[in-house]
Q: 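Pasting a structure here, questions to come.
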Amino acid sequence: MPLSHKALVRLRKCCIVRKNMELVLDALRKSGLSEGRTEEIQKLFESGGQYRYVEQFMPVDKGMTNRLFYFTANGKEYLLRIPGEGSEYLVNRRQEAWVYRTLADQDITDRYVYMNPETGLKITEYISDVHCCDMQNMEEVHRCIRHLYHFHSLRLESEEWFDIFEKLREYERACRHEMTLYFPNYRDTREKIGKLKKIIENSPREYCLCHIDSVPDNFLVREDKVFLIDWEYAAMADPHMDIAMFCIYAGYDKEQIDRVTKFYFEGTAPKEIRRKIYCYIAVGGLLWTVWCEIKRDSGVVFDEYEKIQYRYAVEYYDYAIKEWDGNEETV
């Protein structure tokens with residue numbers, strides 16, 4: 001008995017789905033993804049909805065923490081984020097999911113369409129005609145820093161807190177080897193960084209939901225708009241910490257850091273605020289140094305980036321102490 005027209009259409013769709021799923025699985029396996037992750041994504045895509053009819057599926061540049069894949073389905077463009085090796089020690093996925101839900105109507109970030117708060121799998125709508133903030137283009141940097149200020153001005157609140165000193169201790173415990181293995185003077189540097197806590201505590205502070213990983217690569221710039229993406233570390237903190245995180249990832253020198261601070265405050269910040277930002281730069285530099293060592297435990301090495309972060313810890317401790325003692329001229 002010949003198949004009906006409807007049956008033929010269903011059969012054709014099934015063949016397309018099967019063929020396109022093979023495209024997805026092939027790309028995932030070529031990327032070196034584990035079988036467990038591959039099966040999880042296969043189940044997600046086969047479960048129906050807008051992802052079932054995948055047309056294109058390809059990897060994009062791998063981030064420092066995650067793997068990214070671009071795909072199209074039903075004529076729409078998406079990004080699939082797959083958490084990278086060792087991220088389970090670094091990221092609270094439930095908090096990240098909460099942040100995306102909270103920001104859904106705030107015109108701050110990209111639109112998410114799926115997120116698993118247990119495994120960290122995330123699908124967002126693809127944003128076209130954008131590029132990451134050009135760290136050397138100060139006009140773009142100014143736009144991004146003002147967007148950061150706008151986010152902070154919302155004064156959103158979260159139950160999750162980010163204490164940079166506690167997070168440093170947490171990362172040190174998570175690291176499976178002695179820090180002195182690659183940084184022989186780590187203990188001396190660590191002791192100095194601990195002294196900066198008093199300076200920070202004695203400085204003016206306010207608290208709100210902060211990004212924490214507010215690096216230039218997480219600002220997507222379009223002619224008419226800026227998006228701040230990737231909220232894996234977001235929590236309650238001092239918003240001035242976000243200024244420090246932007247600067248240390250950009251590799252800025254002191255003059256550039258002071259200029260970025262002026263962008264945020266639309267003028268020269270009070271000296272005690274600038275001193276506090278130097279403290280955050282020093283502590284942040286050490287924090288991301290240990291972060292890199294946790295990634296090393298998983299076979300991922302960020303050699304040059306890590307050296308730069310450690311240098312910030314050493315050098316900006318000195319700047320913070322000079323500012324504290326009143327030995328440095330105002331900017």
Side-chain angles (χ1 to χ4, degrees), residues 65 83 87-110 112 115 117-118 120 122 144-174 193-194 196-219 226-249 260-261 264-265 269-270 272-288 290-291 294 320:
T65 305
S87 62
E88 65 272 18
Y89 302 111
L90 303 167
V91 178
N92 180 340
R93 296 295 177 191
R94 287 188 172 278
Q95 169 69 4
E96 181 192 12
W98 176 87
V99 171
Y100 265 100
R101 290 194 301 271
T102 301
L103 293 176
D105 300 317
Q106 296 292 346
D107 201 29
I108 294 291
T109 189
D110 50 345
Y112 87 99
M115 184 160 185
E118 300 296 334
K122 181 183 72 172
C144 292
I145 293 301
R146 293 307 300 167
H147 187 69
L148 180 65
Y149 177 86
H150 170 60
F151 160 60
H152 291 155
S153 70
L154 298 175
R155 289 296 185 259
L156 300 173
E157 295 186 358
S158 161
E159 292 184 1
E160 188 80 9
W161 282 77
F162 184 92
D163 180 323
I164 194 167
F165 288 97
E166 178 54 40
K167 187 62 67 173
L168 177 57
R169 289 189 289 270
E170 179 185 322
Y171 282 7
E172 287 171 329
R173 290 192 295 268
I193 291 300
L196 297 180
K197 186 174 183 181
K198 180 181 178 182
I199 300 178
I200 292 173
E201 289 176 345
N202 289 335
S203 300
R205 286 181 295 170
E206 294 181 356
Y207 298 99
C208 64
L209 182 67
C210 293
H211 190 282
I212 309 302
D213 195 24
S214 50
V215 303
D217 284 357
N218 284 335
F219 288 86
V226 174
F227 302 87
L228 180 54
I229 64 169
D230 289 350
W231 299 82
E232 293 179 296
Y233 300 93
M236 292 289 288
D238 181 346
H240 301 156
M241 189 187 304
D242 276 348
I243 303 172
M245 297 305 183
F246 184 97
C247 293
I248 63 178
Y249 183 88
V260 169
T261 303
Y264 186 89
F265 288 96
E272 62 268 24
I273 298 296
R274 287 184 288 111
R275 180 181 65 232
K276 181 182 64 173
I277 291 171
Y278 296 158
C279 289
Y280 283 138
I281 287 171
V283 186
L286 199 65
L287 179 75
W288 299 129
V290 182
W291 179 92
I294 294 172

Q: Run the side-chain contact (heavy atoms from CB on, under 4.5 Å) test on H240 and I243 for me, step by step, so that the C-alpha distance in whole Å, both residues' side-chain angles and the decisive distance to 0.1 Å come before the verdict.
A: CA-CA 5 Å; H240 301 156; I243 303 172; 4.2 Å; yes
Q: Carefully, step by step, assess R205 and I200 under the rule side-chain contact (heavy atoms from CB on, under 4.5 Å).
A: CA-CA 8 Å; R205 286 181 295 170; I200 292 173; 4.0 Å; yes
Q: State which residue, out of D213, L148, D110, D242, fulfils the side chain to side chain contact (heavy atoms under 4.5 Å, CB included) condition with L228.
A: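 It is L148; the other options fail the test.
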Q: Less than 4.5 Å apart, any side-chain heavy atom of L103 and any of L156?
A: yes
Q: Rounded to the nearest 0.5 Å, how far does CG of L287 lie from OH of Y280?
A: 12.5 Å
Q: Ignoring hydrogens, what is the shortest heavy-atom contact between M245 and G284? Give both atom names and the distance.
A: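 Heavy atoms of M245 and G284 come nearest at CE-CA, 4.2 Å.
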Q: To check you understand the geometry: which heavy-atom pair defines the closest contact between E157 and M236, and what is its length?
A: CA-SD, 3.5 Å
Q: Could you state the interatomic distance from CD1 (I281) to CG (L196), rounded to the nearest 0.5 Å?
A: 11.5 Å
Q: Any heavy-atom pair between the side chains of E206 and R155 that's under 4.5 Å?
A: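 Result yes, sub-4.5 Å side-chain heavy-atom pair found.
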Q: Centroid-to-centroid, H211 to F219, below 6.0 Å?
A: no
Q: Return yes if a side-chain donor-acceptor contact under 3.5 Å exists between W231 and T109, otherwise no.
A: yes
Q: Measure the spacing between CD of E232 and CD of Q95 and express it to the nearest 0.5 Å.
A: 12.0 Å
Q: Can you tell me how far the CD atom of E172 sits from the CD1 atom of I294, to the nearest 0.5 Å?
A: 9.0 Å
Q: Might you work through the side-chain contact (heavy atoms from CB on, under 4.5 Å) test for Y264 and F246, ending with a clear yes or no?
A: CA-CA 12 Å; Y264 186 89; F246 184 97; over 6 Å; no
Q: To the closest 0.5 Å, what do you measure between CZ (F265) and CD1 (I145)?
A: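 CD1 of I145 is found 11.0 Å from CZ of F265.
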Q: Where does the angle between the aromatic ring planes of W288 and Y171 fall among parallel (under 30°), tilted (30 to 60°) and perpendicular (over 60°)?
A: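 Ring orientation of W288 relative to Y171: tilted.
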Q: Yes or no on side-chain contact (heavy atoms from CB on, under 4.5 Å) for I108 and H150, after CA distance, side-chain angles and deciding distance?
A: CA-CA 9 Å; I108 294 291; H150 170 60; 3.5 Å; yes
Q: Please examine the side chains of E272 and K276, heavy atoms only from C-beta on, and report whether any two atoms are closer than 4.5 Å.
A: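 No; the side chains remain at least 4.5 Å from each other.
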Q: Write down the atom of L209, the atom of A234, and the distance for their closest heavy-atom approach.
A: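 In this case the closest contact between L209 and A234 is CD1-C, 4.2 Å.
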Q: Are the side chains of F162 and M241 in contact, using a 4.5 Å heavy-atom criterion?
A: yes
Q: Less than 4.0 Å between a side-chain N and a carboxylate O, is that true for E170 and R173?
A: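 A salt bridge is absent here (no side-chain N lies under 4.0 Å from a carboxylate O).
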Q: Checking side-chain polar atoms at under 3.5 Å, does N218 have a donor or acceptor matched by the opposite partner on Y249?
A: no
Q: After noting the C-alpha distance and the side-chain angles of E201 and K198, does the key distance pass the salt bridge (Lys or Arg N to Asp or Glu O under 4.0 Å) rule?
A: CA-CA 5 Å; E201 289 176 345; K198 180 181 178 182; over 6 Å; no
Q: Could you report the tightest heavy-atom contact between I277 and A244, atom names first, then the distance?
A: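 Scanning both residues, the minimum pair turns out to be O-CB, 4.0 Å.
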Q: Considering all heavy atoms of both residues, which atom of E160 and which atom of A235 are nearest to each other, and what is their separation?
A: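 That closest heavy-atom pairing would be O-CB, 3.4 Å.
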Q: Would you verify whether the NZ or CZ of R146 falls within 45 degrees of the ring axis of Y149 while also being under 6.0 Å from that six-membered ring's centre?
A: yes
Q: Ignoring hydrogens and angles, state whether a donor on the side chain of Y100 or K122 is under 3.5 Å from an acceptor on the partner side chain.
A: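 A pair is found: one side chain offers a donor N or O, the other an acceptor, under 3.5 Å apart.
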Q: Taking E166 first and then R169, would you say they form a salt bridge - that is, a charged N and a carboxylate O separated by under 4.0 Å?
A: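 The answer is yes: the pair qualifies as a salt bridge.
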Q: Working to the nearest 0.5 angstrom, can you tell me the gap between Y207 OH and S158 OG?
A: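 The OG atom of S158 is 14.5 Å from OH of Y207, to the nearest 0.5 Å.
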Q: Does any non-hydrogen side-chain atom of P83 lie less than 4.5 Å from one of R93?
A: yes
Q: Answer yes or no: is there a side-chain heavy-atom contact under 4.5 Å between D238 and C210?
A: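 In short, these two side chains do not touch, never coming nearer than 4.5 Å.
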